Protein chains: 2
Amino acid sequence: MARRKKPAAAIQSAERVLSLLDILAQEGTEMSLTQISQRLGVHISTAHRLATTAMYCGYVEQNPETDKYRLGLKCLHVANALLHQLDLRRIARPFMEKLAEESDETVNICVLDDGEVVYIDKAEGGASLRLFSRIGKRAPAHATAAGKMLLAHLALGDVEAILKEHGMPALTPQTITSFDELSAQLQEIRRLGYSMDDEECEEGARCVAAPLYDHTQRVIAALSISGPVSRFSVENLPRLISLVRECARDISQQMGYAD
Amino acid sequence: MARRKKPAAAIQSAERVLSLLDILAQEGTEMSLTQISQRLGVHISTAHRLATTAMYCGYVEQNPETDKYRLGLKCLHVANALLHQLDLRRIARPFMEKLAEESDETVNICVLDDGEVVYIDKAEGGASLRLFSRIGKRAPAHATAAGKMLLAHLALGDVEAILKEHGMPALTPQTITSFDELSAQLQEIRRLGYSMDDEECEEGARCVAAPLYDHTQRVIAALSISGPVSRFSVENLPRLISLVRECARDISQQMGYAD
DNA sequence: AAGGTAATTGCACATAGTGCAATAACACTT
DNA sequence: AAGTGTTATTGCACTATGTGCAATTACCTT
């Protein structure tokens with residue numbers, strides 16, 4: 001779905017403190033009160049009170065050397081609790097590890113959140129590029145195999161809203177930037193039962209994804225397998241596609257999907 | 001330091017919404033509005049407004065099938081941003097990987113937050129038990145090698161406050177539960193320059209830790225190496241102690257420490 | 001159709017949250 | 001050591017927001 005609908009009686013101060021966390025996350029470095037008040041659009045004394053309240057709760061901390069504010073470790077705690085609570089992760093884990101070993105590639109699970117794909121788990125094969133963990137990271141839906149798979153199972157109106165809001169930026173020369181071309185491809189993805197990112201997200205890398213269903217018979221996530229084009233060659237692709245589709249089906253069955 | 005001091009003008013609604021995240025994290029499963037209002041000590045309509053405000057911001061979501069509330073994926077996003085911003089992680093990473101390969105064990109970095117140790121990074125050797133990632137997890141300071149190392153570099157009053165608040169629960173038969181015994185051990189740790197968890201946190205597992213300093217010449221984190229007692233034998237310990245101390249020194253130098 | 005339970009919302013009122021201005025803290029310059 | 005500038009912090013008065021209450025809505029069970 002596109003951007004979340006603002007509730008009729010949102011609590012302003014609650015919204016502000018969560019926006020403070022967003023801003024600190026987005027900024028990438030510690031921020032002064034002046035910067036915070038400018039970004040939040042509030043008086044500096046208000047920014048101070050928001051920051052000190054968040055500090056008291058552990059979500060923000062102040063660097064004693066520079067007096068600037070940054071995210072606090074409670075954020076890690078809460079995220080960890082979230083990951084721990086995700087049924088899909090727990091159920092999928094053994095299957096992902098098996099697939100990672102069998103394929104010797106990197107396996108990920110993504111969900112769609114606010115129009116972007118979010119990585120919620122990852123398993124690595126021995127020969128993988130050993131990239132940093134992507135868990136928690138976001139990526140544009142239109143340029144990833146998992147994202148295209150998830151878009152393929154949304155209503156057309158929702159797809160249009162997402163692409164209107166996020167755009168279709170080109171990440172590589174191969175990225176699809178035309179709505180019509182993407183629509184056609186989503187239709188093909190529904191027909192084939194798998195999706196592919198052919199150097200659309202990252203040059204030199206290919207990715208194949210299959211849908212994960214749950215007991216409501218709806219697609220809730222995508223399972224993907226990715227690696228360098230040298231190993232994701234035309235000869236090897238059919239095998240990898242087959243592996244990821246079988247694995248996704250096995251996980252879906254454990255999630256209550258009846259196919 | 002012990003529990004954070006409440007600011008004179010904390011913003012109640014800001015505090016409440018962050019407490020909501022805490023409660024959802026702590027509960028471990030989705031919660032109804034009734035439960036949320038009871039735990040927060042507010043009217044159910046207030047709980048509803050807090051929850052829908054947090055939903056709008058992405059930190060909470062509502063399960064459409066049960067109408068219950070749970071943590072939202074924005075929590076992952078913010079935590080990821082936090083990890084990405086930690087200088088110590090970025091600087092330490094190559095050293096940790098080298099140590100993990102060299103020792104073939106699990107290497108972690110922990111910091112002290114609100115009287116507990118928090119795992120902020122981890123690298124694994126090939127022979128490791130391949131445990132789930134601990135990043136973001138907390139553990140009692142008194143029962144971990146990293147925790148004892150961090151306690152050893154605090155003022156005695158702070159140590160007392162932390163132990164008074166968190167207690168000294170026995171996690172295994174070997175866990176130290178006497179303040180006097182722990183104090184004596186912290187003194188020994190300062191003298192030796194490393195700490196050890198001898199099946200105090202987890203039976204069958206040993207852990208050795210060394211301090212990480214930064215340019216202020218103070219201890220900001222602990223580097224640890226852990227594994228099963230079979231590999232952390234009396235014969236092998238001196239080697240592992242030496243490896244972790246050298247690695248910690250190298251990381252500390254990169255952090256501006258002059259020893 | 002009726003009853004029960006929980007989520008949601010309109011409304012009026014009280015208080016919490018706010019901006020302003022003053023103060024405090026610190027670093028830098030002279 | 002004193003003065004200046006900048007940023008963080010806080011007391012205060014006012015008002016806009018947040019609140020609880022009660023009603024409504026939604027859904028499930030009998």
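Treat the numbers as computed from the prediction; the structure is a model and nothing was measured. In what follows, chains carry the letters A, B, and so on, assigned in the order in which the sequence lines appear, proteins first and then strands, with residues in each chain numbered from 1.
Taking a 6.0 Å sphere around CD of A:Gln187, one finds it holds 12 or fewer heavy atoms contributed by other residues, nucleotides or ligands.
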So which protein nitrogen or oxygen atoms get under 3.5 Å of nucleotides 9-11 of chain C's nitrogens or oxygens?
unit_1 : atom_1 : unit_2  : atom_2 : d
C:dG10 : O6     : B:Arg49 : NH2    : 3.1

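There is a side-chain donor-acceptor pair under 3.5 Å between B:Glu65 and A:His215.
What separates CD of A:Glu15 from C1' of C:dT18 is a distance of 16 Å, to the nearest Å. Put simply, CZ on A:Arg16 is 17 Å from P on C:dA16, counting in whole angstrom units. When rounded to the nearest whole Å, the span between CD of A:Glu30 and C1' of D:dA8 equals 15 Å. The CD1 atom of A:Ile11 sits 14 Å away from the C1' atom of C:dT15 (whole-angstrom rounding). Rounding to whole angstrom units, NZ of residue B:Lys68 and P of C:dT8 are separated by 14 Å. Here D:dT19 presents its C1' atom at 16 Å from CG of B:Leu33, a figure rounded to the nearest Å. B:Ile36 places its CD1 atom 14 Å from the P atom of C:dA6, with the value rounded to the nearest Å.
Taking 4.0 angstrom as the limit, B:Tyr69 places a side-chain polar atom (N or O) nearer than this to OP1 or OP2 of C:dT8. At least one side-chain nitrogen or oxygen of A:Ser13 sits closer than 4.0 Å to the OP1 or OP2 atom of D:dG18.
Checking side-chain atoms of A:His84 against main-chain N and O of B:Ala25 turns up no donor-acceptor pair under 3.5 Å. Panel note: side chain A:His153, backbone A:Ile220; no donor-acceptor pair is recorded below 3.5 Å. Under the 3.5 Å distance criterion, the side-chain polar atoms of B:Arg89 are matched with a main-chain donor or acceptor of B:Leu83. For the pair A:Lys74 (side chain) and A:Cys57 (backbone), a donor-acceptor distance under 3.5 Å is present.
Contacts of B:Gln62 with the nucleic acid, taken as non-hydrogen atoms under 4.0 Å apart, involve only primed sugar atoms and P, OP1 or OP2. Within the nucleic acid shown, A:Gln35 has no heavy atom closer than 4.0 Å to any nucleic acid atom.
Heavy-atom distances to DNA chain D give each of A:Asp67 and A:Ala14 a nearest nucleotide, and the one nearer the 5′ end belongs to A:Asp67. Mapping B:Val42 and A:Ser32 onto DNA chain D via the closest heavy atom, the residue that lands nearer the 5' end is A:Ser32.
In this pair, A:Tyr213 and A:Tyr257 present their aromatic rings parallel. The plane angle is below 30°, not in the 30 to 60° band.
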